[in-house]
Student: 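Attaching a single structure in structure tokens format; questions to follow.
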Amino acid sequence: MKALIVEDETKTGDYLRKGLSENGFTVDLATDGVDGLHLALTGEYDIIVLDVTLPGKDGWNVLTELRRSQQTPVIFLTARDKVEDRVKGLELGADDYLVKPFAFSELLARIRTLLRRGKVQQPDVLKIADLELDPLRRRATRGQSRIDLTAKEFSLLHLFLRRQGEVLSRTFIAEQVWDMNFDSDTNVVEVAMRRLRAKIDDGFGQKLLHTIRGMGYIMEERD
Ligand code: CA
């Protein structure tokens with residue numbers, strides 16, 4: 001699961017990033033509205049936590065522009081408990097809101113509710129051949145065997161299952177799963193891919209993860 005936090009207050013931003021990371025999210029943090037909107041439009045997020053008062057571009061503008069093309073669930077944070085603010089946010093297309101100060105556990109509960117709601121349109125369990133991954137229960141199985149995955153391996157497999165049949169470059173994978181940028185060392189990706197492949201493909205006749213030389217990796221069924 002990938003989360004974007006758009007929050008200019010360092011303390012709150014760091015606190016949210018830490019909390020969400022500890023709960024299994026890959027987290028990006030933007031500290032102004034311009035960066036926040038750019039990330040929201042280019043990254044693939046499962047949830048966006050958006051502060052309303054932001055430098056550069058306020059939360060309302062970010063939300064308005066985001067909703068022209070994307071339906072990523074958004075929870076906005078407002079410092080004022082004003083009915084007009086809540087109505088405005090929901091009218092602009094936010095899915096939920098929290099009034100500051102709030103307890104992290106409450107934010108997490110709201111996020112989980114939204115993610116569950118979002119799942120109605122998507123199948124809960126992602127599949128290829130006899131490999132299955134259940135993101136909510138955080139379970140992976142191949143045939144009758146349970147596969148034990150680390151948090152990163154889980155995110156990797158989740159990414160490949162969502163993008164079946166597409167060649168994913170090491171750089172793209174690094175950005176999606178590790179929050180690393182273009183200059184990062186992609187050896188980390190190669191090592192993790194080798195471990196993941198050993199876990200899901202070793203001992204099975206049909207291989208699902210394939211290397212495309214010079215380009216990256218692909219998950220697909222081949223005869
Ligand atoms: Ca703020």
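First listed ligand is number 1; within each ligand, the first listed atom is number 1.
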Student: Please give the atom name: the N, O or S atom of D8 nearest to the Ca ion (ligand 1).
Tutor: OD1

Student: Can you list the residues that meet the ring pair (Phe, Tyr, Trp, His ring centres under 6.0 Å) rule with Y45, with sequence neighbours excluded?
Tutor: none

Student: So that I can tick it off, tell me whether K57 and E65 are bridged by a salt bridge, with the cut-off set at under 4.0 angstrom between side-chain N and carboxylate O.
Tutor: yes

Student: How about R197 and T211: does a side-chain donor come under 3.5 Å of a side-chain acceptor?
Tutor: yes

Student: Please find out if the Ca ion (ligand 1) and some N, O or S atom of T12 are separated by less than 3.0 Å.
Tutor: no

Student: If I consider every N, O or S atom in D51, which one ends up closest to the Ca ion (ligand 1)? I only need its name.
Tutor: OD2

Student: In terms of side-chain heavy atoms, does T78 have a donor or acceptor partner in D85 at a distance below 3.5 Å?
Tutor: yes

